[in-house]
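By convention in this document, chain letters (A, B, ...) are assigned in the order of the sequence lines, proteins followed by strands, and residues within each chain are numbered from 1.
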There are 2 protein chains.
Amino acid sequence: MVESKSEHIDHVFHALAHPARRAILQRIARGEQSITELAAPFDMSLEAVSKHVQVLERARLLDRTRAGRAYRCRFRPAPLRDAAKILSELAGLWGRQLDGLEKLLLELERRS
Amino acid sequence: MVESKSEHIDHVFHALAHPARRAILQRIARGEQSITELAAPFDMSLEAVSKHVQVLERARLLDRTRAGRAYRCRFRPAPLRDAAKILSELAGLWGRQLDGLEKLLLELERRS
DNA sequence: GCGACACTCAACAAAACGGTTGACAGTCAT
DNA sequence: ATGACTGTCAACCGTTTTGTTGAGTGTCGC
């Protein structure tokens with residue numbers, strides 16, 4: 001069950017393509033949250049939110065560890081760097097100075 | 001048939017989540033191409049490629065104008081700026097120096 | 001131990017996706 | 001006018017997505 005690099009970036013963009021998932025990412029980017037906490041603002045079943053979390057996990061944008069009966073969901077920014085790189089490439093920004101976003105995402109990655 | 005801003009960014013990320021569509025974008029980023037030309041490298045029917053082009057069009061990443069019997073497909077980078085902004089925000093890079101990518105995408109937009 | 005809590009799993013359903021094929025409609029070249 | 005070329009439309013197919021419910025599992029507090 002290997003996952004090619006191409007498959008992974010597909011998962012990342014797919015994960016970002018849903019407003020609920022982007023909202024979840026915004027929340028955990030500000031601090032770890034349990035699934036129940038993440039579900040609270042949504043007019044959606046807990047199970048639905050759980051599935052969104054799984055999609056984010058598949059994209060490796062989210063990390064979950066068990067903490068008692070709850071899960072602690074943690075933001076993992078690394079794949080954003082890959083996504084940003086593709087946007088840069090598409091914008092034709094090859095080799096120019098503008099890889100600032102990439103550099104900063106790498107920095108964030110180092111500090112985590 | 002209005003399209004909310006949120007719907008639009010959904011379309012953008014969705015469009016980017018398929019390797020064939022990213023390949024199409026790479027090609028037209030280097031120059032306009034007809035649909036038949038775009039289809040050539042793919043092991044896929046012309047109709048399938050035509051549908052991918054429609055998805056890119058919905059995301060406003062692609063612009064098509066009729067030129068005789070063919071269509072001229074043109075790259076439209078503007079939505080990449082919105083996508084990059086979301087990545088920046090998620091990376092928690094608010095207000096820091098690192099909006100280089102955004103600035104350059106805006107510049108690209110201005111020049112088109 | 002008992003119940004409330006935090007989730008997952010399994011099954012289902014509706015809609016969207018990604019692809020095919022066949023028929024059709026303009027447009028260009030002769 | 002004919003025919004080749006470029007592409008769409010409509011129908012269909014199987015799979016994935018996105019959501020629902022209901023039942024089940026493990027954990028915490030008392």
Side-chain angles (χ1 to χ4, degrees), chain A residues 1 3-4 6-25 27-28 31-74, chain B residues 1 3-4 6-28 31-75:
Chain A
M1 218 178 89
E3 181 187 73
S4 82
S6 162
E7 277 168 14
H8 177 232
I9 193 65
D10 292 354
H11 290 334
V12 174
F13 281 122
H14 171 72
L16 292 167
H18 194 292
R21 288 191 292 260
R22 290 195 303 273
I24 288 173
L25 287 181
R27 309 257 311 285
I28 61 173
E32 301 180 0
Q33 300 236 282
S34 73
I35 295 184
T36 302
E37 285 168 343
L38 287 174
F42 294 108
D43 184 19
M44 202 189 299
S45 70
L46 179 67
E47 173 71 2
V49 173
S50 174
K51 285 186 181 177
H52 282 303
V53 166
Q54 286 173 47
V55 170
L56 291 167
E57 210 175 5
R58 182 178 64 173
R60 288 178 242 164
L61 285 162
L62 184 151
D63 198 90
R64 61 206 311 200
T65 53
R66 197 92 197 227
R69 54 187 163 183
Y71 282 95
R72 287 173 38 231
C73 298
R74 195 148 151 265
Chain B
M1 213 175 97
E3 181 186 74
S4 81
S6 162
E7 276 169 13
H8 177 232
I9 194 66
D10 293 354
H11 291 334
V12 173
F13 281 121
H14 171 73
L16 292 168
H18 194 292
R21 287 191 293 258
R22 291 195 302 274
I24 288 173
L25 286 181
Q26 280 185 25
R27 309 258 310 287
I28 60 172
E32 302 180 0
Q33 300 237 283
S34 74
I35 296 186
T36 302
E37 284 168 344
L38 286 173
F42 294 109
D43 185 19
M44 201 187 302
S45 69
L46 179 67
E47 172 71 1
V49 173
S50 174
K51 284 187 181 177
H52 283 304
V53 166
Q54 286 174 48
V55 171
L56 291 167
E57 210 175 4
R58 182 179 64 172
R60 288 177 242 163
L61 285 162
L62 185 149
D63 197 270
R64 62 210 305 206
T65 52
R66 199 93 197 227
R69 52 187 164 186
Y71 282 96
R72 287 173 39 229
C73 298
R74 195 148 150 263
F75 182 45

Rounded to the nearest 0.5 Å, what separates atom CG in B:L56 from atom NE2 in B:H18?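 One gets 10.5 Å once the value is rounded to the nearest 0.5 Å.
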Working to the nearest 0.5 angstrom, can you tell me the gap between A:L16 CG and B:L16 CG?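 One finds 9.5 Å between CG of A:L16 and CG of B:L16.
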Going 5' to 3' along DNA chain D, which nucleotides are the first and last within contact of chain A (any atom under 4.0 Å from a heavy atom)?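 For DNA chain D, the relevant span reads D:dT17 to D:dC28.
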For A:H11 and for A:M44, locate the closest nucleotide of DNA chain D by heavy-atom distance; then report the residue assigned to the nucleotide nearer the 5' terminus.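 Looking at the nearest nucleotide for each, A:H11 comes out on the 5' side.
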Residue mapping more 5' on DNA chain D - nearest nucleotide basis, A:A48 or A:G68: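 Closer to the 5' end of DNA chain D: A:A48.
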Axis-to-axis angle between the two ends of the helix from C:dG1-D:dC30 to C:dT30-D:dA1 (five base pairs per end, rounded to 10 degrees):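 About 30°, once rounded to a multiple of 10°.
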Taking all atoms of both residues into account, what is the closest heavy-atom pair of B:C73 and B:I28, and its distance?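 Distance-wise, the nearest heavy atoms are O-CG2, 3.8 Å.
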Specify the closest pair of heavy atoms between B:F75 and B:L61, including all atoms of both residues, with the distance to one decimal.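 So the minimum-distance heavy-atom pair works out to CD1-O, 3.6 Å.
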For B:R22, what residues pass the side chain to side chain contact (heavy atoms under 4.5 Å, CB included) criterion, not counting sequence neighbours?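 Applying side chain to side chain contact (heavy atoms under 4.5 Å, CB included) to B:R22 gives A:S6, A:I9, A:D10, A:F13, A:I86, B:P19.
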With sequence neighbours excluded, tell me which residues meet side chain to side chain contact (heavy atoms under 4.5 Å, CB included) with B:R72.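 For B:R72 the side chain to side chain contact (heavy atoms under 4.5 Å, CB included) partners, ignoring immediate neighbours, are B:E32, B:T65, B:A67.
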Side-chain donor/acceptor pairs under 3.5 Å, residues 35-47 of chain A, sequence neighbours excluded:
from, atom 1, to, atom 2, distance (Å)
A:E37, OE1, A:S34, N, 2.9
A:S45, OG, A:A48, N, 3.1

Is a side-chain N or O of A:R58 found less than 3.5 angstrom from the main chain of A:A15, in a donor-acceptor match?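 No: the side chain of A:R58 does not pair with the backbone of A:A15.
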Is the backbone N or O of B:A59 less than 3.5 Å from a side-chain atom of B:H8, with the two atoms forming a donor-acceptor pair by type?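 Such a contact is found between B:H8 side chain and B:A59 backbone.
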Kindly say if B:H52 contacts the phosphate of C:dG19, meaning a side-chain N or O under 4.0 Å from OP1 or OP2.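 Yes, such a contact exists.
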Please confirm whether the shortest side-chain N or O distance from A:H14 to OP1 or OP2 of C:dG18 is below 4.0 Å.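 Answer is no, no contact under 4.0 Å.
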In B/S/- notation, 5' to 3', how is nucleotides 2-9 of chain C contacted by protein heavy atoms closer than 4.0 Å? --BBSBBB
